[in-house]
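Heads up: the structure comes next, in structure tokens.
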Amino acid sequence: MSVQQEAGADTEALEVWIDQDLCTGDGICVQYAPEVFELDIDGLAYVKGAEDELLQDRGATTPVPLPLLTDVVDSAKECPGECIHVRRVSDRAEVYGPNAE
Ligand code: SF4
């Protein structure tokens, strides 16, 4: 199933957050989407804000830019900690990640 067919994700604003409690710090997400994810000095991955700043609050969310959607979805699929969550902004329903239907 393509990205477009799943949950109508091409038309909905999406955001992504990381559950740092489960992050293994392997950095796969940073390899896939360095514009969105970064490892902090604690060895765990965090999302970045619109100004490229690291959002160091655990569970912070950031918008998923459409051109980066595939990279972010691949990150969520490959994340060994199963701790990358992509959800719709409108109803906070998870569309990619361990809790997606
Ligand atoms: S891929 Fe998952 S487990 Fe690995 S650093 Fe990123 S968030 Fe953490």
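These numbers were taken from a predicted model, which means no experiment stands behind them. Scope of the values below: all heavy atoms of this structure, side chains included, with no hydrogens, waters or symmetry mates. Just follow the structure's listing: the first ligand is 1, and inside any ligand the first atom is 1.
Residues V47 and W17 share a closest heavy-atom pair of CG1-CA, 4.3 Å. The shortest non-hydrogen separation linking D21 to R58 is OD1-NH1, 2.8 Å. The two atoms that bring T61 and L55 nearest to each other are O-CD1, 3.6 Å, heavy atoms only.
Protein heavy atom in closest approach to atom 8 (Fe) of ligand 1: C23 SG, 2.3 Å.
At least one N/O/S atom of C79, from backbone or side chain, sits under 2.8 Å from atom 2 (Fe) of ligand 1.
Heavy-atom proximity to G27, at under 4.0 Å, picks out these atoms of ligand 1: 4 (Fe), 5 (S). Those atoms of ligand 1 with a heavy atom of G81 less than 4.0 angstrom away are 3 (S). When each atom of ligand 1 is checked for a heavy atom of I84 under 4.0 Å away, the hits are 7 (S). Atoms of ligand 1 found under 4.0 Å from any heavy atom of C29, numbered from 1 in the order shown, are 1 (S), 5 (S), 6 (Fe), 7 (S). In the vicinity of D26, heavy-atom distances shorter than 4.0 Å reach the ligand 1 atoms 1 (S), 3 (S), 4 (Fe), 5 (S).
When the heavy atoms of G43, C83, S75 are ranked by distance to atom 7 (S) of ligand 1, first place goes to C83.
The number of heavy-atom neighbours closer than 6.0 Å to CD of E82, taken from other residues, nucleotides and ligands shown, is 12 or below.
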- Where do V72 and V86 land on the side chain to side chain contact (heavy atoms under 4.5 Å, CB included) test, with the steps shown first? CA-CA 8 Å; V72 171; V86 181; 3.8 Å; yes
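K48 contributes a side-chain N or O that, together with a main-chain N or O of P34, makes up a donor-acceptor pair within less than 3.5 Å.
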